[in-house]
Amino acid sequence: MKSDTTTSPPGGQRSAQYDDFHAARARTTVVARLYARAMGEDYPVEVAASSSCDWSLLGLMTARLRMQPGQLLIDAGCGTGGIGLWLARALALRLEGFDLSPVAVAQAAHRRPQFGLPAERAAFRVAELEKTGLPDRCAHGIVCVDALGCATNRGTAVRELARLLVPGGRLLLTRAARRDAEPTWSEQAEAAGLTVEAVDERPAEPAMWDRLYRLWIAHADDLRRELGEVQTQRMLHEAHQVLPRLPGRRAVLLTLRRPADAPAVSGTADTMLTPVCRRGDRPPSERTPR
C-alpha cells in the first residue's frame, strides 16, 4: 500500500515558500490571467483561486455540503480565501478559514468586504492541516481544495479534519490519483471515522492543468518579469514535472461524512471561533497553490 507521507520541508520553511508565492502574485495579474485563459468560461473571476476550482466545482460543493444558513464552514488550506468566502456568501454560512501561510491569511481577511461578509461571519487563522488548533466537532462542513497534498501526512490530516465535524457533517476533498492505481480514499475515511458518501469524477481537470502548464512555459518571460526568477523557476519546474503525468491522472471531488448517530458535543458548532489572523498566509499541492 502506498504511504500517505509526503516529503516536505519543515512547516516554517514551507510557510516561507508559500508566503513568497502569495506576495509575488499580489503584485501582478499575470498568474490570474493565465488561469483565466486555461479555464475559459469556467473560470470564477471573483474567486480567483490558484487551484483547479472552476464553476463546476463550486456547484458540486454547494450541492454536496447540504448545509443550513448560519452553520459553520471550515475552508482548510484556504489560501487567499476566495473559495470559502464565495461559499459562505452563497449559502449564508459562517466561515473559519486557515492556511499555513500568514501572507495568504492576511490577504483572505482583506478580501472579506469584497464578498460583503463582516469579520464576525468570516475569520481566518494560521494553522496546518495536521494541527488546526480548532475545537472538536465545531463545524457542519469542511472544504479542502487542492491542499491535502501539502500535508506531511495525508492520513493524519484527514483524521484531524474529521475531528472537527459534528455528527452528520461533511468533509469535501479534491483528490487525484493515477488511473491505474487503487486509491486509498476509503481506507483513510474509515481510519478517520468517516464514510464515503460520494465520489464525483472531474474528467476535465487534467486537461485544464495541461493548458495552464503549457501557458506557464509559453509565457516564461512574462512570469520572470512580473514574479521574478525564483517564483518563475518553481512554476516551470512544477509544469515540467507534472505535465507528463497528466494523461494518466484521475481527479475527483470526494465527499466524506461523519455518521449522524455519533454522539454530539452540545452547542459547540453554534459558537463562532475566535479569529487568529496574523499578518500573512500559503502557494502551490495533490498539487496546489490556492
Side-chain angles (χ1 to χ4, degrees), residues 1-9 14 49 51-54 56-61 63-66 74-77 83 100 128-132 141-165 168-213 237-262 284-290:
M1 182 176 68
K2 186 175 74 173
S3 172
D4 292 333
T5 303
T6 58
T7 302
S8 301
R14 286 184 291 136
S51 70
S52 63
C53 181
D54 54 15
S56 174
L57 182 61
L58 287 171
L60 264 177
M61 291 192 296
R64 291 299 184 195
L65 282 169
R66 301 182 185 181
I74 290 176
D75 187 356
I83 294 171
L100 179 65
E128 299 190 50
L129 289 169
E130 300 94 331
K131 190 175 181 180
T132 64
I142 303 173
V143 295
C144 184
V145 177
D146 293 357
L148 190 63
C150 292
T152 54
N153 187 291
R154 295 174 189 175
T156 300
V158 172
R159 289 193 294 274
E160 171 67 0
L161 296 177
R163 179 184 66 80
L164 308 180
L165 286 174
R170 294 175 173 86
L171 166 61
L172 274 55
L173 298 160
T174 55
R175 300 298 305 267
R178 297 194 315 273
R179 292 190 178 278
D180 60 354
E182 184 67 27
T184 59
W185 305 328
S186 295
E187 298 168 23
Q188 289 175 351
E190 184 177 358
L194 304 176
T195 60
V196 178
E197 185 171 74
V199 180
D200 291 294
E201 300 288 341
R202 302 191 64 223
E205 190 247 46
M208 186 284 292
W209 285 119
D210 184 274
R211 292 190 298 272
L212 180 65
Y213 286 141
H237 175 75
E238 179 183 327
H240 288 295
Q241 185 180 51
V242 179
L243 266 171
R245 302 203 295 264
L246 287 174
R249 178 185 175 105
R250 178 190 179 195
V252 305
L253 176 67
L254 190 66
T255 301
L256 308 181
R257 190 183 188 200
R258 176 173 290 284
D261 56 357
S285 149
E286 216 153 41
R287 186 246 166 207
T288 225
R290 281 280 302 286

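It should be emphasised that the depicted structure is a prediction, and the values quoted were computed from it without experimental measurement. These values consider heavy atoms only, across backbone and side chains, with no hydrogens, waters or symmetry-generated copies.
From Arg64, atom CZ reaches atom CG of Leu172 across 8.5 Å, with rounding to the nearest 0.5 Å. Taken from CZ in Arg163 to CG in Leu171, the straight-line distance is 13.0 Å, to the nearest 0.5 Å.
Partners of Ala192 under the side-chain contact (heavy atoms from CB on, under 4.5 Å) rule, at least two apart in sequence or in another chain, are Val158, Arg159, Ala162, Leu194. Glu130 meets the side-chain contact (heavy atoms from CB on, under 4.5 Å) test with Glu128, Ala151, Thr152, Thr156, Ala157; sequence neighbours excluded. Looking at residues two or more places apart in sequence or on another chain, you find a side-chain contact (heavy atoms from CB on, under 4.5 Å) between Gln241 and His237, Arg245. By the side-chain hydrogen bond (donor to acceptor under 3.5 Å, both in side chains) test, Glu182 is found to be paired with no residue, residues two or more places apart in sequence or in another chain being considered. Residues satisfying the side-chain contact (heavy atoms from CB on, under 4.5 Å) criterion with Leu60, sequence neighbours excluded, are Asp200, Leu253. Considering only residues two or more places apart in sequence or on other chains, Arg211 meets the salt bridge (charged side-chain N to carboxylate O under 4.0 Å, His left out) condition with none of them.
When side chains are defined from C-beta on, Gln188 does not count as touching Leu256, because their heavy atoms never get closer than 4.5 Å. With contacts defined as side-chain heavy-atom distances shorter than 4.5 Å, the pair Cys144/Leu129 qualifies. A heavy-atom distance below 4.5 Å is found between the side chains of Ser52 and Arg202. You'll find the side chain of Leu246 reaches within 4.5 Å of the side chain of Tyr213, heavy atoms only. Taking 4.5 Å as the limit, every side-chain heavy atom of Trp209 sits out of range of all side-chain heavy atoms of Val242. Residues Pro183 and Val199 are not in side-chain contact: their nearest non-hydrogen atoms beyond the backbone lie 4.5 Å or more apart.
Between Arg258 and Leu165 the shortest heavy-atom distance is NE-O, 3.2 Å. Contact detail for Gly141 and Leu65: the closest heavy-atom pair is CA-CD2, 4.2 Å. Listed here is the closest heavy atom pair of Arg154 and Leu148: CG-O, 3.7 Å. Heavy atoms only, all atoms of each residue included: Leu57 and Cys53 are closest at CD2-CA, 3.8 Å.
Remark: the backbone N or O of Arg170 is not paired with any side-chain donor or acceptor of Arg257 at under 3.5 angstrom. With hydrogens and angles disregarded, no donor-acceptor distance shorter than 3.5 Å links the side chain of Arg249 to the backbone of Pro206.
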Could you give me the CA-CA distance, side-chain angles and deciding distance for Glu160 and Thr132, then say whether side chain to side chain donor-acceptor pair (under 3.5 Å) is met?
-> CA-CA 7 Å; Glu160 171 67 0; Thr132 64; 2.7 Å; yes
Test Ser51 against Thr174 for side chain to side chain contact (heavy atoms under 4.5 Å, CB included), laying out the working first.
-> CA-CA 10 Å; Ser51 70; Thr174 55; over 6 Å; no
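Partner of Arg250 under the side-chain contact (heavy atoms from CB on, under 4.5 Å) criterion, chosen from Arg178, Arg175, Glu205, Arg179: Arg179.
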